[in-house]
Amino acid sequence: MSEKTGGGVKRREFLKVVGASSAALATAACAAEDTGKLIPYLVSPDQTVPGVSTYYATTCRECAAACGLIAETRDGRAIKLEGNPDHPLNHGALCARGQAGLQGLYNPDRFRTPMVKEGDAWKAIALDDAINRLSQAVAQGRGAAGNAVFLNQHESGSFPRFLDSWLAAFGMPAHLSVDAEADAAAMEANRRTYGVSWPSLDFKAAKLIVSFGADFLDGWGASVPQQLNYAEARAQLDAAPRFVYIGPRRSLTGLNADEWIACNPGSELAIANALAGKGSIQDAATASGADAAALQRIATELSAAKPALVLSGVTGDNALDVALAVAAINQASGAVGTTILSAQPITSFDGMSRTDQVLAAVERMRAKQVGVAFVRGVNPAHSLPRAAKFAEAFANVPVRVSFSSYPDETTELCTLIIPDLHSLESWGDAEPVRGTISLQQPTMDPVFAGTMGTADVLLAVAKKDAANAAKFAATDYRTWLFSTLPGGDKAIAAALPKGIMAGSLGARTTTVAAAPTAAPKAPAIAATQGDFFLVTYPSPVLGEGRGANKPWLQELPDPVTKIAWSSWVELHPETAQRLGVDRGDIVEVKTAQGTVRAPALPYLGIHKNAIAIPLGQGHRSAAQMATFQPKNHDPSNVQWGYGRYARALGVQALDLLPLGTDGAGGLVLTSTKASISKTGDHRTLPSTEGSARQHGRGIAQAINAADLNNPERPEHEEIPGDANHAFLPGMRSPVAADAQGELGSPTSANQGILKGMYDPADSRGMTKRRWAMTIDLARCTGCSACVTACYAENNIPTVGAYWQNASIWADERPGFNIERGREMNWLRLERYFEGNLDGKFGVDFETRFVPMLCQHCGNAPCEPVCPVYATYHAPDGLNVQVYNRCVGTRYCSNNCPYKVRYFNWFGYGESDRKQYAFPEPLNWQLNPDVTVRGKGVMEKCTFCVQRVREAENRAALEHRDVRPDEFTTACAQACPSRAITFGDAADPNWSVTQVARDRRAYHVFEELNTYTAVVYLKKVNHPAAGAAAPRG
Amino acid sequence: MTQRRKWTAIPGLVVLAAGAVILSAYSGASSSQHRSPVQPINFPHPVHVQKLGMNCLYCHFSANKSPDPGLPAVSTCIGCHNLVGPQRPATDLGPARTSAELQKLYKFADVAGMGAGMGPKAKPIPWVRIHKVPEYVHFPHMRHVNAGVTCQTCHGQIQNMDRVYQFSSLNMGWCVSCHVNGYSAKEGLEAAGYTAQQQATPAAAGAVAPADVQSGERKKARYDCANCHY
């Protein structure tokens, strides 16, 4: 080359070299893919066909209700949990917390082996060693009664009885059966009034529902059966009962109410008395700050509604008094036997200990009277307020044993850890309703070989003890259990496939006999210092904290506030304006017990004199922990603070509370006032909502009950736009063929030409079906079970962990990807407020929930804009996304008016990237029938096409057609409100065809001519007499 | 550039580029067709299928029930080979000899001696996978088997392969062309190695009715993307 112009590489030479090396590299890269190995079984397991799922019926233990599960397993791994259709509580539905049980089973922070504390360090030990040490510990604990404390997670079934017999054999007192979320006051009032701790509630039979802070749809009692029944009640449309919610904070249940009476905490008693006619309306109005006329109207409604259903879930110091007053109203209203079914109680909550009993045990620990303490499935270091000084008392116990699977706060304080099996790996039982036993069986081999069921550990310890070996002769807990269940082995084997059997385990009373005397009574809230009443409440998703280590639950936006991966302080917009606090401004909340700092959230549903902070977050480790490094993580490096997802996230609101119990011995959560001050800091709240208002878009539509039968309203409104095409009756959308325009129309001159796969006459029958979905907004309560079910079924990655951000210049804080709008939820629950645009306190507002998912538009805006044909319309009506074609232009997402397309901005599905969303063993949960998407690929709801194919394949194998309603999508299956129906709209035998013809049917954004396959049914409002709910 | 270098460099680059284009366009360079990896045990299909008359489904048991065709468990092999040990007597299958392959099997399955059964230290045989479609393709074996597609249509005449090789390219184009053009029973039987005369007799043709063979009816299948890619 010429040297005229001096040194350095010339441009032409550079281009030649680059061109040649690219060509060379292209050839060099052409090698056959490494296909790996095929590893056979040594012996094929019985009744298992590889590639086909096996289903086991078992019992859910994510809360105390004990609903029935069907666990889908594939090749020995549980991959999806569904409700058991035969179970008397949940009838096939499953809430978000139940779905997330899989992330407890496969949690990457689960203990792999037992551990013992030596000095300051934890050492992993073998199971035999651990059992030996436990034997020694038990020897120390036996002797004087009261010298040992066993705190067990409350569960219904045979295990509590087994545990008590074991404890008694070693001279230890009976265990405490603890549930941190239970409403002790409600249960005590139920026992005194109806004779059972939790009667079944029949909302359908009620003429009016009044709830004093009882969040029966989101955590109070047995949410799933209550929600099932409530949805049926509301599905009666104009005959549905009205629902009034009274309380300082409008929870998810409150948002579903037709009317909210905002009241000062503590004044519920005055209102209840007034409604019962035992107190004056004016006094109630003054005490609560509510409108006297509204209270009078409700009192009148209540006296006319026979039967009514009045519930109390207040968390103040007078909780028992309110619950008793409410129970009296029920009795007077004729509710017993009609809406309060005390003859059909939910027996799952029987035998629960109270918080004051737990506190008494803590005081015994503090007085050095306890020689050995056991903790299983409970976390009192987190779920008791700091004012209880649990950690200090616990440290006085010389031997502290934890059976927990997770590195939580209480376990960190222990000396010996023998991790239990997860409920999906172990045998057990429950009696959720009298006379029906729900069986629990392992759905797979233990994930970690070093874990052992606590019952089996206790049996092993008993066998080592000379005095007790004969009494506990059963080889394992399963043998013991089978010998005690009615009917014997044969009956149990016959019952296991359905998961339930007739029989009873016997009545169960509270295990600890004597009522402790030194229970700290909560102070009257009015006497505390502060400007605002502080309301703390268990998160509907995380509970009081046990859900915080499951990324699905952290990623699930709070159903009320739509915020994920965060804590917040709710205050009324008027209050926020007065204080000069904007959304996201970090405020400091101070009480006599402590301070916390969290971002502020102006929320319409909080009393202007109150602030609210959710419980569930604020897990922390006692030890200093290094920042978690996903790629370099060593499983032996225990993530104290309840695991990598929960640690140091949000605030623990219980730090602010004084210690106090109510008249029934339950923990008082609304016990103090607090003051707020601005800190000057700010953080964007990670939220998935764009706006809380519809701005006239008509996404969530409602109709007043009175207008339902109004002849003035047209039966079917005309769809604007081109009406040339033939519509399927009821669907009001054309078949896919018409999406091809003129060529596809039945009346077109070009019939049969260029129709290709859309040809109805094709022998393959591809166009036979038209997959469609209806969503009934009158039933949807906004619980978001569908969202988590979709995550589980479709391998959707969670993106909110703080290390899932970019590799360079990253902001490492939890929820950052959510702030940037990178959440991946194929199905999201939109929550719109209607009315009270100015945010004035005292003006009621309405809430509408809209599950929004890919609408599978017949005339999809996303299809024509893909430059590589990665998305197209299938002949059977689905809008298909082909992951391997997608190059990531994101034009489709840009064009989608519903914004239901989600892009993999990072390699959430690639195990070698730091943003990997499924660290071992979370990846065991992945559904093999659904492709795991890599970086740069667009994804969206597929109407569970893998289930469609599975049903078609199964039908073909059996030489038949797919039966109507043979299968459904994951979201429809999980929904406890039965709001979603899925099926073939071209076949009148499928339910969806009938539901789509409902008079309330509409399509979102109909005016855009998208011809969606999802039909929504308008919500039905029941405004107060004389008032009008917002139209639209 | 000098004249001489121009005449070397430019044609050289053109040749390289043409080579890269041709190779990548036909994906011949990256295809695994004809690949025949060495297996940990040289399992002879001809002996088992032709000589002993074993059906494919005896070992690949879930091919007609599941998307996964199924791989025989080691116990399936040991079921016979517990007694058919490495010390082979003279039979119609061959002269007396020691079978090195069966010795390997005994080592994997920890069989102490003939009749001893699988031992406690048995390990699964790590077969080298030959046929693999990418993970974003969901291929249901049972639909094809139950539609009457003979195994040999896609996998070639395994009964004749001393060492299994990949007979078809497994390209998407190859799959789609069969779905679009259809599949006839006659083709399937030909692929399996049946002669025309054998195809006409019910016994030889097995489960396929001669009427189906004669009619020449072509079974067509769905071919849009969502059939396999989801």
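The sequence lines fix the lettering, A, B, ..., with proteins before strands; numbering per chain opens at 1. All values reported here derive from a predicted model rather than from experimental measurement.
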Legend entry - Residues, nucleotides or ligands: over 12 heavy atoms within 6.0 Å of A:Asp445 CG: no
Legend entry - By salt bridge (Lys or Arg N to Asp or Glu O under 4.0 Å) - contacts of A:Glu950 (at least two apart): A:Arg954
Inset, instruction - Check the pair A:Val880, B:His229 against side chain to side chain contact (heavy atoms under 4.5 Å, CB included), reporting the backbone distance first and the verdict last. - result: CA-CA 9 Å; A:Val880 177; B:His229 292 292; over 6 Å; no
Inset, instruction - Return the minimal non-hydrogen interatomic distance between A:Tyr883 and B:Tyr230, and the atom names on each side. - result: CE1-C, 3.9 Å
Legend entry - All pairs passing side chain to side chain donor-acceptor pair (under 3.5 Å) where residues 925-945 of chain A contributes a residue, at least two apart: A:Arg74-A:Asp929, A:Glu793-A:Asn927, A:Trp826-A:Glu939, A:Asn879-A:Lys940, A:Asn904-A:Glu939, A:Thr931-B:His138, A:Arg933-A:Glu939
Inset, instruction - Drop me the distance from B:Gln39's CD to A:Leu38's CG, to the nearest 0.5 angstrom. - result: 8.5 Å
Legend entry - Interface moiety of A:Val930 toward chain B, non-hydrogen atoms closer than 4.5 Å: backbone
Inset, instruction - With rounding to the nearest 0.5 Å, note down the distance linking CG in A:Asp75 to CG in B:Asp68. - result: 7.0 Å
Legend entry - When B:Cys228, B:Ser66, B:Pro40 are compared by non-hydrogen pairs under 4.5 Å with chain A, the top option: B:Ser66
Legend entry - Test item: A:Lys37 and B:Trp127 side chains (from C-beta on) under 4.5 Å apart, heavy atoms: no
Legend entry - Gap separating the CG atom of A:Asn884 from the CD atom of B:Glu135, nearest 0.5 angstrom: 12.0 Å
Legend entry - Heavy-atom side-chain proximity of A:Thr35 to B:Ile130 below 4.5 angstrom: no
Legend entry - B:Pro126 versus chain A, the contacting section by heavy-atom distance below 4.5 Å: both
Inset, instruction - Quick one: which of B:Ile125, B:Ile78, B:Thr76 has the most heavy-atom pairs under 4.5 Å with chain A, could you say? - result: B:Ile125
Legend entry - Side chain proximity check, A:Asn953 to B:Met142, heavy atoms < 4.5 angstrom: yes
Inset, instruction - Inspect the surroundings of CE in B:Met172 and state if more than 12 heavy atoms from other residues, nucleotides or ligands are less than 6.0 Å away. - result: no
Inset, instruction - Go through the atoms of A:Tyr869 and report whether side chain, backbone, both or neither lie under 4.5 Å from a heavy atom of chain B. - result: neither
Inset, instruction - Compare every heavy atom of B:Ala73 with every heavy atom of A:Ser44, then report the nearest pair and how far apart it is. - result: N-CB, 3.7 Å
Inset, instruction - Tell me, for B:Asn64 versus chain A, whether the close heavy atoms (under 4.5 Å) come from the side chain, the backbone, both or neither. - result: backbone
Inset, instruction - Give, as side chain, backbone, both or neither, the part of B:His131 having an atom under 4.5 angstrom from any heavy atom of chain A. - result: neither
Legend entry - Neighbours of chain A found in residues 106-117 of chain B - heavy atoms under 4.5 Å: none
Legend entry - Contacting region of B:Pro37 [heavy-atom separation from chain A under 4.5 Å]: neither
Legend entry - Minimum heavy-atom distance between A:Gly51 and B:Pro67, given as atom pair plus value: O-CD, 3.7 Å
Legend entry - Heavy-atom check, side chain of B:Phe61 versus side chain of A:Pro50, under 4.5 Å: yes
Legend entry - Residues, nucleotides or ligands: over 12 heavy atoms within 6.0 Å of A:Arg960 CZ: yes
Inset, instruction - Could you tell me whether the side chain of A:Val43 reaches within less than 4.5 Å of the side chain of B:Met118, counting heavy atoms only? - result: yes
Inset, instruction - To the nearest 0.5 angstrom, please state how far the NE2 atom of A:His959 sits from the CG atom of B:Asn146. - result: 6.0 Å
Inset, instruction - Select all residues of residues 217-226 of chain B having any heavy atom within less than 4.5 Å of some heavy atom of chain A, and report them by number, or 'none'. - result: B:Lys220, B:Ala221, B:Arg222, B:Tyr223, B:Asp224, B:Cys225, B:Ala226
Inset, instruction - For chain B, find which of A:Leu42, A:Leu957, A:Val52, A:Val932 contributes the most heavy-atom pairs closer than 4.5 angstrom. - result: A:Leu42
Inset, instruction - Check for a donor-acceptor pair, side chain of A:Arg764 on one end and backbone N or O of B:Val180 on the other, with a separation under 3.5 Å. - result: yes
